Amino acid sequence: MQWSDLEREVIRCIKCGACQSVCPVFRELGAESTVARGKVNLIRAVIRGDVDAAGAGFEERMSWCLMCKACQENCPSGVKLDQLILAARRKLAEDKGLPLLKKLIFRLGLRNRRLFDFGMRMGPMFQGLLLRPAPGGKGMLPRLPMGLDMRRLVSPVDARPFRSRVPARVDVAEPRKTVAFFTGCMINYIYPQIGEAVVEVLKRNGIAVIIPAGQHCCGTPVYVNGDVPTAVELARATVDTFAGLEADAVITACGSCGAALRKEYAALLAGEPGYAAKAAALAAKTKDFAEFLAEEGLTAEMQGLAATATYHDSCHLARSQGVRRQPRELIAGVPGLTFKELKAPARCCGAAGSFSLAHYELSRRINDHKVDDIAASGAELVVTGCPMCMMHIRDGMNQRGVAGEVLHTAELLARAYGVEK
Amino acid sequence: MEQTVVAAVKGIVGAEHVFDRFEDRYCYTYDASAVTAGKEGMPALVAYPGSAAEVSALLKLANEYKFPVIPRGAGSNVSGGSIPCAGALVMVLTRLNKIVGIDRKNMVAEVEAGVITAEFQTEVEKLGLFYPPDPASKAFSTMGGNVAECAGGPRGAKYGVTRDYVLGLEVVLPTGEIIKTGARTMKCVAGYDLTRLMTGSEGTLGVVTKVIVKLLPLPEAKKTMLAIFDDMEKAAETVARVFMAGVIPTTLELLDNIYIRNIEAAVNVGLPVEAEAVLLIEVDGDKEVLDKQVGIIEGICREQGATVKVARDAKEADELWVARRAAFAAVSRVRPTIIGEDCTVPRDKIPEMVRIIRAIADKFDIIIAVLGHAGDGNLHATILTDERDRDEMARVEKAAEEIFRATLAMDGTLTGEHGIGLVKKKYLPLEVGEGGMMAMRAIKRALDPNNILNPELV
Ligand SMILES: Cc1cc2nc3c(=O)[nH]c(=O)nc-3n(C[C@H](O)[C@H](O)[C@H](O)COP(=O)(O)OP(=O)(O)OC[C@H]3O[C@@H](n4cnc5c(N)ncnc54)[C@H](O)[C@@H]3O)c2cc1C
Ligand code: SF4
Ligand code: SF4
């Protein structure tokens, strides 16, 4: 894409400044160049020839975006800010190339599922070289400055990925529906227990689950970093794997994976012969776990839980996919549970995938507001629909000494069904 | 700017509150108006002072080294008031963001200049009090910027504008002295009324650092309604009739079909997209009198051929307001560049003014949408165009001038709330005359002998 192609979108920004009241990055950094209006106008400046896109300043400012879409939701002119920033990042990746580590992971690792799988399986062995256990046994900290902030607390890669723990098909007697489960990387490698909870809850409610073994990463991490060729390859692989399946729906349990399958693939695959229609069919079939369950209705009796819970809206689940009401309905349906809304449930938690790796300090500051909100709510359980948010909020609560557990909606339900955890 | 000056600025506000990188400075070359300074008008430095003392030190430095200073709040003004000139220091006041105090007993509040208007209102309303000025930009514009522009808003019909609530100010003069104007009392006639002089001075006579405002009791209730017209003239005429019937609505907003359609596309709250015009009307006050007022207004609207929908609950009313606030930017869907004029005429001249605006649009073959705080005669003729089309921009310029002249011929004013700024600078003499210009220049010279503050505006 040429810079000049972006002009039509860029000049739709009337510079009103409304995005100042919602942009989490601007809230922390305060400089006009960090708010949506500033970023759009920097792109406009590049088009005009006023600003050099090759300069480090421009690249850094384009990196200061969580893709949380709060600006877009609030922008009265409907400026597609995510498309603009993505186009800028893509251009930067094309012109300047990706940093070595990202290139290695994206190009070599992600493009080859077997190698990626192998790498992630070896992870538990090798991560000891790269990561050191954090004091207090709460996770791992990076040993080397490999593009991660040295203080970033990451969850260790699980020794046994989810997909190697479950059969490719989980049947139930007289299924009401059959769904295919897109697991995504975080669930497969880091939080297999979420995957298990998803399967368990569906199973109890009479839903058969297919878990295609050949599935791979959804591509969001490479897409948001501007590596479009790799993202296209991953999108094609997902479409191929899921298109022909005999399933009533494709289920995701991660905000970002869902957004990719439902929204981003259409754009990524628009120019790929034979793929546009397939991508559209997959998009139409894909549903978030909570959305699907709320629609189907829970049939199995719950034991219930005596606790107070609150809910964090993942940006990609709430804003990209419009799933807000359904998880709340499910939580409210748990006998014995008290639900407390956060003051600003849809405020970004600051994780944003690789953003929190590249800008750890900033992502922590953004997260602090979320943690303050959680502390003020007094809830013991923080429920959300995105594993990335879970990791980041957990890290924040730990660092700030705020008590409470962070759970995926599926895990909460599994617990309410009395599944030991 | 010399390195010694840059170092001095950093010394005053702290290096972390100064931006000198090209990309950062570039983002202060625009505001919400259609003009920008571009690369040629790049500010040399951007500083965020943290106190009046720091503002003062910066201004003294500016006088010593003779560089221009451009005060800035949220940069949401639409008159080009915060556009810098080459070599200027942009002074952003948003770090001064404390609500100093809300005095419930005396119904006054004191805030720093960088406080966001809507955030202040929320705090005030928690105590059962009310700060009426409500520019549609209130979610992001600052109190200091509101004072500098004397911002108005939809509630102006009943409650007036910012000026009507400012009791006193803390201002740093262009030469660096920190002064206090007005008082915390409801009455104050000590000396010249510097508070009023500063309010609406668009950042040319001083930097506002604190604002003391008067508050009202929060009205007990309000009712919002939408009157739908298939004839623009009838809608415009209804405005004066409502006031003549002895009812003062809080708000009387007029929106034409272009606005209606685009707002609906933006926020989807069920506005009647076929209607030629709508009036968004709100009344507030004691519960007992509301129904009576609504009845009178409904009657007048029906006489004028309108269908009237009264919002049933707070949620419905809120939706109408979300729609109204989205208006200005929603029309950017039609053409990418929007220029919002805010000519204001005596209320009874509104139908005529609407007619003239439409005729001018036809004459110059451009799109002009009409939105108005019709309750106070303030019409936002909104020119929808494309900044890349030079030919059309030339016609836009001519059309705007005809609108200004027509407004003045009707005893109106060039601006009801947006300010003169860079955008209307050349037309100001048309309204105030040579004598008026002379008086204003004399004041500017007296307070700002080195022409430091916003020099391009005067
Ligand atoms: C979508 C939208 C809707 C709007 N609706 C309305 C409306 O309904 N009514 C209305 O009146 N206006 C409206 N405006 C215009 C604008 O919001 C107001 O003029 C507002 O008061 C500007 O505040 P600001 O903090 O953004 O100031 P800025 O735009 O940053 O500055 C405005 C002017 O004040 C000066 N200034 C800023 N802060 C200070 C200070 N502390 N001391 C001295 N000078 C200072 C600047 O130099 C400049 O000349 C709207 C704008 C937008 C984009
Ligand atoms: S809200 Fe939209 S139109 Fe307004 S400044 Fe931000 S991006 Fe531009
Ligand atoms: S997507 Fe979020 S972080 Fe990025 S500019 Fe918009 S509001 Fe700011």
Side-chain angles (χ1 to χ4, degrees), chain A residues 4 6-23 26-27 29-64 70-80 88 343, chain B residues 16-17 19 21-34 36 38-40 42 46 48 72-78 90 92 94-95 97 116 118-119 136-142 262-263 265-267 322 325-333 335-340 386-388:
Chain A
S4 51
L6 300 180
E7 194 172 9
R8 257 207 79 74
E9 190 60 35
V10 169
I11 60 168
R12 286 180 49 210
C13 168
I14 55 156
K15 300 177 280 163
C16 68
C19 38
Q20 291 177 94
S21 57
V22 295
C23 177
F26 175 74
R27 187 187 164 127
L29 300 181
E32 176 70 33
S33 62
T34 62
V35 73
R37 177 169 71 168
K39 290 171 217 171
V40 174
N41 278 283
L42 283 173
I43 294 175
R44 184 185 231 154
V46 169
I47 295 169
R48 274 202 191 133
D50 283 356
V51 162
D52 180 10
F58 180 73
E59 184 169 16
E60 187 176 42
R61 274 143 199 82
M62 290 304 115
S63 79
W64 282 337
C71 52
Q72 230 155 307
E73 188 177 58
N74 193 52
C75 173
S77 331
V79 176
K80 295 195 191 74
K343 205 169 101 207
Chain B
E16 70 275 29
H17 301 304
F19 297 118
R21 272 196 94 118
F22 186 85
E23 289 84 358
D24 289 327
R25 286 184 287 130
Y26 191 90
C27 292
Y28 299 86
T29 55
Y30 56 79
D31 51 27
S33 71
T36 60
K39 205 174 167 182
E40 301 71 40
M42 285 276 285
V46 180
Y48 282 59
R72 185 180 170 106
S76 74
N77 78 90
V78 289
V90 170
V92 188
T94 50
R95 273 181 70 215
N97 61 359
I116 306 291
E119 288 176 9
S137 55
K138 66 181 182 178
F140 42 97
S141 65
T142 67
N262 286 287
I263 294 175
V267 292
V322 167
R325 274 195 284 276
F328 185 55
V331 284
S332 71
R333 280 155 201 265
R335 304 294 307 276
T337 307
I338 71 171
I339 302 172
D386 188 332
E387 65 189 43
R388 295 167 298 179

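Fair warning: this is a prediction, and the values are worked out from it, not measured in the lab. Side chains are part of it too, since the values below use all heavy atoms of this structure and drop only hydrogens, waters and symmetry mates. The chains referred to below are lettered A, B, ... by the order of the sequence lines, with proteins before strands, and numbering in each begins at 1.
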Under a 4.0 Å threshold between the charged nitrogen and the carboxylate oxygen, would A:Lys15 count as salt-bridged to B:Glu387? no

Interface check, chain A: of B:Arg25, B:Arg333, B:Arg325, most non-hydrogen pairs under 4.5 Å belong to B:Arg333

Taking CZ in B:Arg388 as the centre, count heavy atoms belonging to other residues, nucleotides or ligands within less than 6.0 Å. Is the count above 12? yes

Here the pair of heavy atoms bringing B:Ser332 nearest to A:Arg12 is OG-O, 3.9 Å

Restricting to non-hydrogen atoms, name the atom on B:Ala32 and the atom on A:Cys16 that form the minimum distance, rounded to 0.1 Å. CB-CA, 3.9 Å

Measure from the side-chain N and O atoms of B:Tyr26 to the backbone N and O of A:Asp50, and report whether any donor-acceptor pair falls under 3.5 Å. no

Mark yes or no for whether B:Glu23, through its side chain, and A:Arg61, through its backbone, hold a donor-acceptor pair below 3.5 Å. no

Atom of B:Ala139, atom of A:Ser21 and distance for their closest heavy-atom approach: O-CB, 3.4 Å

Measuring only between side-chain heavy atoms, which start at C-beta, is B:Thr29 closer than 4.5 Å to A:Asn41? no

Would you check if B:Lys39 and A:Arg48 make a side-chain contact, meaning some heavy-atom pair closer than 4.5 Å? no

Heavy-atom pairs under 4.5 Å with chain A, option from B:Ala327, B:Ala265, B:Gly75 with the top count: B:Gly75

Engaged part of B:Ser141 at the chain A interface, taking heavy atoms whose separation is under 4.5 Å: neither

A:Glu32 and B:Arg72, any side-chain heavy atoms less than 4.5 Å apart: yes

What one should report as the nearest heavy-atom pair of A:Ile14 and B:Pro336 is CG2-O, 3.8 Å

So which heavy atom on A:Pro76 is nearest to which on B:Ala266, and how close? O-CB, 4.0 Å

Scored by heavy-atom pairs under 4.5 Å with chain A, the best of B:Asp386, B:Thr94, B:Asp31, B:Val46 is B:Asp31

Going from OG1 on A:Thr34 to CZ on B:Phe19, what distance comes out if it is rounded to the nearest 0.5 angstrom? 7.5 Å

Gap separating the OG atom of B:Ser76 from the CZ atom of A:Arg37, nearest 0.5 angstrom: 7.5 Å

